[in-house]
Protein chains: 2
Amino acid sequence: MNEKTKTRSELKREAIIEAAKSAFKEYGVQATSMDKLAEIAQVSKRTVYNHFSSKEELVMYLVSDLWQKAVANVAFDYQIDTPLNEQLLTWVNYEINLICTQEYLDLSRVAIGHLFYNLSALQKEMEKLAGQTTSLQQWLKDANEHGQLSIDDIEYASFQLHSLIEGCCFWPQLTGCKPLLTEQEKKFVADETVQMFLARYQTTK
Amino acid sequence: MNEKTKTRSELKREAIIEAAKSAFKEYGVQATSMDKLAEIAQVSKRTVYNHFSSKEELVMYLVSDLWQKAVANVAFDYQIDTPLNEQLLTWVNYEINLICTQEYLDLSRVAIGHLFYNLSALQKEMEKLAGQTTSLQQWLKDANEHGQLSIDDIEYASFQLHSLIEGCCFWPQLTGCKPLLTEQEKKFVADETVQMFLARYQTTK
DNA sequence: TTTAAATTACACTAGGCAGTTTACTTAGTA
DNA sequence: TACTAAGTAAACTGCCTAGTGTAATTTAAA
């Protein structure tokens, strides 16, 4: 049992983190008081403050940590012997499946809701996320150099790809206007996205 | 002088609305107290409450009214004798110029920031906005019927177009990650958007 | 069994905010 | 000029929240 090795302090800390996660998701940061949080975590308020010196520290710990986890980078390398649309579809599917998660959406909502009037902090977090773009950009570059794509502005093209995906799978859900995509809808979006992108940039042999 | 005809009461009301607009934009709804607002408007707090029975009423008045104003619908009709890319570019430019306004962004930030944890209200406001999609959809339909475009799912295609634009001109700016686009950048985005869209859907004669 | 660190309950500080009440003043109008 | 509708200042209610101080209790380990 790994559980047994945890000290009481560690267990309490985890309870606090779990409670914060679920409460922030459900009510938002603003509407979750530290008293309420302590109650949910079954822990005294003083203990919360022993682990996190302020509410802000707790929030930022969660946002940074969880967002980072959610976006663990995957390798995505250009393969000369696999059809282009197949490779791209793989990437798009991966991206959709990441973004179309209740977990990811909830978290983004917490972060954005909280950081909306602290734009510099929001900006910093977003930049961390932007880092993961590179593996796609490298792929585009490689495909470009092999003459399979014809892209002038790789950064912009990768942005377009993200826009096509996020415009369907992220922003509408984030603002609560649409429900999570079904598997069927995901497939549709993935196919259409790849088709549009390649229609624009694939070279005609 | 139109000003002279305004009663004192009307002048006060306008002062309140102006103050609310600017304060909400600058600090957000949450961080603007009614005391502060009254002070900015140079009006007693009681007067604020005489005009708007609650803070919420004031907020919703502004959000509805101003957002509505910002999105006054324009006619956009299919013309058989004008090149397709030119027509589409006109629409895209119009859309970009609407969305890329400080006014529109500020307002959206107020609305979204305020309504983030009141998703059903946010949803309602967003739906009002969605109404204006129709003129684009009608255009797509007409172009489709004239055999100039080949679109199966018109609603989705119009969504893609919006995504391509908003992914560049709205969301990054809303979250404070990027500055407003320059005229040059707007032009670039408009051209690229039209090109990608037509690469996907324009029929090859 | 002793010890030290962590946890707890709970009272408390200090401040913020929405909205109300009251007694008084101003401005336009009949 | 007198009346009335509106505005004003300032104190006040009632509620909520972040964060602290402390004395007593629990826990785990030496």
Side-chain angles (χ1 to χ4, degrees), chain A residues 1-24 26-63 110 113-118 121, chain B residues 1-24 26-63 110 113-118 121:
Chain A
M1 304 288 171
N2 204 357
E3 306 297 313
K4 293 274 162 170
T5 70
K6 284 175 189 161
T7 66
R8 182 176 52 148
S9 190
E10 281 167 331
L11 290 171
K12 295 285 175 184
R13 187 186 173 87
E14 277 168 20
I16 293 166
I17 291 171
E18 271 315 303
K21 255 202 251 188
S22 82
F24 288 163
E26 190 166 352
Y27 311 110
V29 174
Q30 169 65 30
T32 303
S33 73
M34 294 299 261
D35 287 281
K36 202 171 176 183
L37 194 105
E39 194 194 320
I40 295 172
Q42 300 264 59
V43 141
S44 85
K45 183 159 73 152
R46 209 63 188 76
T47 300
V48 176
Y49 278 99
N50 285 344
H51 284 281
F52 298 93
S53 69
S54 71
K55 189 180 187 179
E56 189 63 21
E57 190 183 310
L58 175 55
V59 174
M60 290 313 294
Y61 171 82
L62 283 183
V63 168
V110 169
H114 179 67
L115 298 175
F116 221 75
Y117 287 103
N118 184 355
Chain B
M1 303 286 171
N2 206 355
E3 306 296 313
K4 293 273 162 172
T5 71
K6 284 175 188 161
T7 65
R8 184 173 53 147
S9 189
E10 281 168 330
L11 289 172
K12 295 286 175 184
R13 187 186 174 87
E14 278 168 20
I16 293 166
I17 290 171
E18 272 315 303
K21 252 201 252 186
S22 82
F24 288 164
E26 189 166 351
Y27 311 111
V29 174
Q30 167 66 30
T32 303
S33 73
M34 294 299 261
D35 287 280
K36 202 171 175 182
L37 194 104
E39 194 194 321
I40 295 172
Q42 300 264 56
V43 142
S44 85
K45 185 157 75 152
R46 202 59 188 84
T47 300
V48 177
Y49 278 100
N50 284 344
H51 285 281
F52 299 93
S53 71
S54 71
K55 188 180 186 178
E56 189 64 20
E57 190 184 310
L58 175 54
V59 173
M60 291 313 292
Y61 171 81
L62 283 182
V63 168
V110 170
H114 179 66
L115 298 175
F116 219 76
Y117 287 103
N118 184 355

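Throughout, a chain's letter reflects where its sequence line sits, starting with A, and its residues are numbered from 1.
- What separates CD of A:E57 from P of D:dG19 is a distance of 10 Å, to the nearest Å.
- Within 4.0 Å (heavy atoms only), B:S54 reaches sugar-phosphate atoms of the nucleic acid but no base atom.
- Ion pairing between a basic and an acidic side chain is recognised when a charged N comes within 4.0 Å of a carboxylate O; A:E18 and A:K21 show such pairing.
- Rounded to whole Å, atom P of D:dT22 lies 14 Å from atom CG of A:N50.
- Look at CD on B:Q42: it is 14 Å from C1' on D:dG7, rounded to the nearest Å.
- Side-chain contact between A:K55 and A:S33: absent, with no pair of heavy atoms (C-beta onward) separated by less than 4.5 Å.
- Neither OP1 nor OP2 of D:dC16 sits under 4.0 Å from any side-chain N or O of A:K36.
- Between A:L37 and A:L58, the closest side-chain pair of non-hydrogen atoms falls below 4.5 Å.
- Distance, B:I16 CD1 to D:dG7 P: 8 Å, rounded to whole Å.
- Residue A:S9 places at least one side-chain N or O closer than 4.0 Å to OP1 or OP2 of C:dT7.
- With hydrogens and angles ignored, no donor-acceptor pair closer than 3.5 Å exists between the side chain of B:R46 and the base of C:dG19.
- Listed pair A:H51 / C:dT7 meets the phosphate criterion, a side-chain N or O lying under 4.0 Å from OP1 or OP2.
- Taking atom CG of A:L37 as the reference point, atom P of D:dG19 lies 12 Å away to the nearest angstrom.
- Under 4.0 angstrom from either OP1 or OP2 of D:dT8 there lies at least one side-chain N or O belonging to B:T47.
- Among the nucleotides D:dG21, C:dT20, D:dA9, the one closest to the side chain of B:Y49 is C:dT20.
- With D:dT17, C:dT8, D:dT8 as the candidates, the nucleotide lying closest to the side chain of B:K12 is D:dT8.
- B:E39 has its CD atom 14 Å from the P atom of C:dA18, to the nearest Å.
- In this structure, A:Q30 atom CD and C:dA18 atom P are separated by 11 Å, rounded to whole Å.
- Between A:I17 and A:Y61 there is a side-chain heavy-atom pair separated by less than 4.5 Å.
- Rounded to whole Å, the distance from CG on A:D35 to C1' on D:dT20 is 13 Å.
- Listed nucleotides: C:dA18, C:dT7, D:dT17. Nearest to the side chain of A:R8: C:dT7.
- Among the nucleotides D:dT17, C:dC17, C:dT8, the one closest to any side-chain atom of A:S33 is D:dT17.
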| message | As a quick check of understanding, evaluate side chain to side chain donor-acceptor pair (under 3.5 Å) for A:E56 and A:H114, giving each step before the final call. | response | CA-CA 10 Å; A:E56 189 63 21; A:H114 179 67; 3.2 Å; yes
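- Between A:K45 and D:dA18 there is no side-chain polar atom (N or O) within less than 4.0 angstrom of OP1 or OP2.
- Dashed line: the shortest gap from a side-chain N or O of A:K55 to OP1 or OP2 of D:dA18 is under 4.0 Å.
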